[in-house]
Peer 1: 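Can you keep this structure in mind? I'll have questions shortly.
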Number of protein chains: 2
Amino acid sequence: MHAHVMHLSLPALREACSQCNLRELCLPVGLSANELGQLDALVNQRRRVVRGQHLYRGGDAFEAIYAIKTGFFKTDVLLEDGREQVTGFQMAGEILGLDGIGSEKHTCNAVALEDSEVCVIPFADLENYSREIGALQHHFHKVMSREIVRDHGVMMLLGVMRAEERLAAFLLNLSQRFTARGYSPTEFNLRMTRNEIGSYLGLKLETVSRAFSRFQEDGLITVHQKHIQILDVAGLKKLLSERRA
Amino acid sequence: MHAHVMHLSLPALREACSQCNLRELCLPVGLSANELGQLDALVNQRRRVVRGQHLYRGGDAFEAIYAIKTGFFKTDVLLEDGREQVTGFQMAGEILGLDGIGSEKHTCNAVALEDSEVCVIPFADLENYSREIGALQHHFHKVMSREIVRDHGVMMLLGVMRAEERLAAFLLNLSQRFTARGYSPTEFNLRMTRNEIGSYLGLKLETVSRAFSRFQEDGLITVHQKHIQILDVAGLKKLLSERRA
DNA sequence: TGTCCACGTTGACGCAGATCAAAGCCCGAG
DNA sequence: CTCGGGCTTTGATCTGCGTCAACGTGGACA
């Protein structure tokens, strides 16, 4: 069917950045039409990753960052004793691999949670292009900075929130990101297991499951397996702002 | 005594990057002598921040990043209800303010924990210089990437470690950073309160205090107020690798 | 179409760390 | 030198979430 790595050199490639419907979410935000055309040359390779497969592993040599074209990923870090911390879930238009720049090795694992396709962005090339295209350079810096800010949000989750607050924040965050991609804000399928949600939120899977049940009892959401419908966005938000104890 | 903002335009500034004893830890790592000289022009402003004062606050317009010349800072994020998450402690040679690039506003607070001095690096200038100096561009990317990796480490702390593991990891991390700056790996003064340590580690101050006492009973460290002496580095490391339960 | 198995739910119970409370200590201001 | 307030320590008790256990469920595959 598909080769796992495709080299695309056709001049008018249908899915290059300039034609990509994710270009307003992804790396090329704010570039002129002319600059976008230059990006098409930078991002000229794709890679398919089937569900369960690694895009990269901790320790792999760092050579490129990846823009998700379709699909869904998790990133995680493992402790020697096997404990896992999921550091994030990534969806279309988001960038993977920034962790590898500092040490020239990837420092976490990236695993596809559904069959996915990514655009390969060789990092040396990106640095070269961004020396010429100021808007690209600046936007890349924004992407990295936002990753740092996102991480601070996760620290907040893990450091000070109670279990139900964490799950509410998680659902609202997913909802908002699906919305930005043109999907329903209130109805979606989770791509990850309860265990993975728990690892991300610093909770055990049983606690995640109980919190889902509680939200359902309280009429905030409906849950059927991985299908979630949010019935009361305001109610979820209130959970976050209401401090008890 | 000192103006809070000093403009330095003297040609042979004693403390510019090329003469700075932190240049191997800070932004200029890996630059040639020639390139270093160019940096002196970029980093031409200092700012003193007295203990307890903010370097910036969440919401402030983002204009510059800061390299710590002397002193010690914490960064934190506040929830509406007043809960605080300390996102990091920064010491000489480390960079503050990267959180602001993405939104053009700072997204956390940076507070001096002792009288400090920072080098002001106007961000637009940094981007301009790094278009000319590839090594600067690349090193700046590494700095940002390492911040992301550091944040993943904190998530690991908060997500999967028990209280004593967290404190051991914290002490070992401080020890290693002091070492890199030429200070003793085993003896140092904490600049932050038990409450601030707790906020960073996702623990209450009483738990931090008890863990210190426990380590002392076990002969791993001595504690006198803020003065810490590490007696058994290997013992602390063992706490981290030993999984129980 | 039945079987299997990873995933999910729910209940009972235990414990790490939070909370509440009371003292002690150190340092800076007067 | 004394006083006061912020920080720290320690003890007693409480509780949210983890742990352990049993059962339910739906999708993949033969």
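Please read these numbers as outputs of a predicted model, since none were measured by experiment.
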Peer 1: If you only use heavy atoms from C-beta on, which nucleotide in dG17(C), dT8(D), dC17(D) is closest to the side chain of Thr207(A)?
Peer 2: dC17(D)
Peer 1: Using a distance-only test with no angle check, is there a side-chain donor-acceptor pair under 3.5 angstrom linking His224(B) and Gln229(B)?
Peer 2: no
Peer 1: Send over the distance from Lys204(B) NZ to dT9(D) P, rounded to a whole Å.
Peer 2: 17 Å
Peer 1: Looking across every strand, which nucleic acid part, if any, lies under 4.0 Å from Gly198(A) by heavy atom: base, sugar-phosphate, or nothing?
Peer 2: nothing
Peer 1: In whole Å, I'd like the distance from the CD atom of Glu164(B) to the P atom of dG17(C).
Peer 2: 8 Å
Peer 1: Go through dC17(D), dG17(C), dT19(D) for me and flag the one nearest to the Arg162(A) side chain.
Peer 2: dC17(D)
Peer 1: Which nucleotide in the set dT9(C), dG18(D), dT9(D) lies at the smallest distance from any side-chain heavy atom of Val223(B)?
Peer 2: dT9(D)
Peer 1: Under 4.0 Å between a side-chain N/O of Ser213(A) and OP1 or OP2 of dT10(C), yes or no?
Peer 2: yes
Peer 1: Would you kindly check whether a donor in the side chain of Glu206(B) faces an acceptor in the base of dC20(C), or vice versa, at under 3.5 angstrom?
Peer 2: yes
Peer 1: Closer than 4.0 Å, any side-chain N/O of Lys226(A) to the OP1 or OP2 of dG26(D)?
Peer 2: no
Peer 1: Would you kindly give the CZ-to-C1' distance between Arg83(A) and dG18(D), to the nearest whole Å?
Peer 2: 14 Å
Peer 1: Which sits closer to the 5' end of DNA chain D, Leu205(B) or Arg210(A), going by the nucleotide each is nearest to?
Peer 2: Leu205(B)
Peer 1: Let's see if you can work this out: which of dG16(D), dG18(D), dC7(C) has an atom nearest to the side-chain heavy atoms of Thr193(A)?
Peer 2: dC7(C)
Peer 1: Does a nitrogen or oxygen in the side chain of Ser209(B) sit under 4.0 Å from OP1 or OP2 of dT9(D)?
Peer 2: yes
Peer 1: How many whole angstroms separate atom CD of Gln216(B) from atom C1' of dT8(D)?
Peer 2: 13 Å
Peer 1: Any donor and acceptor pair, going by atom type alone, linking the side chain of Asn109(B) with main-chain N or O of Thr75(B) inside 3.5 Å?
Peer 2: no
Peer 1: Specify the separation, in whole Å, of atom CZ of Arg214(A) and atom P of dG16(D).
Peer 2: 11 Å
Peer 1: Do the ring centers of Phe89(A) and Tyr200(A) come within less than 6.0 Å of each other?
Peer 2: yes
Peer 1: Would you call Arg48(B) and Glu117(B) a salt bridge, taking side-chain N to carboxylate O under 4.0 Å as the test?
Peer 2: yes
Peer 1: Just the rounded figure in Å: distance from P of dC26(C) to CG of Asn189(B).
Peer 2: 14 Å
Peer 1: Could you tell me how far apart Leu201(B) (CG) and dA16(C) (C1') are, to the nearest whole angstrom?
Peer 2: 15 Å
Peer 1: In terms of the angle between their ring planes, are His106(A) and Phe62(A) parallel, tilted or perpendicular, with boundaries placed at 30° and 60°?
Peer 2: perpendicular
Peer 1: Using whole Å, report how far NE2 of His224(A) lies from P of dG27(D).
Peer 2: 12 Å
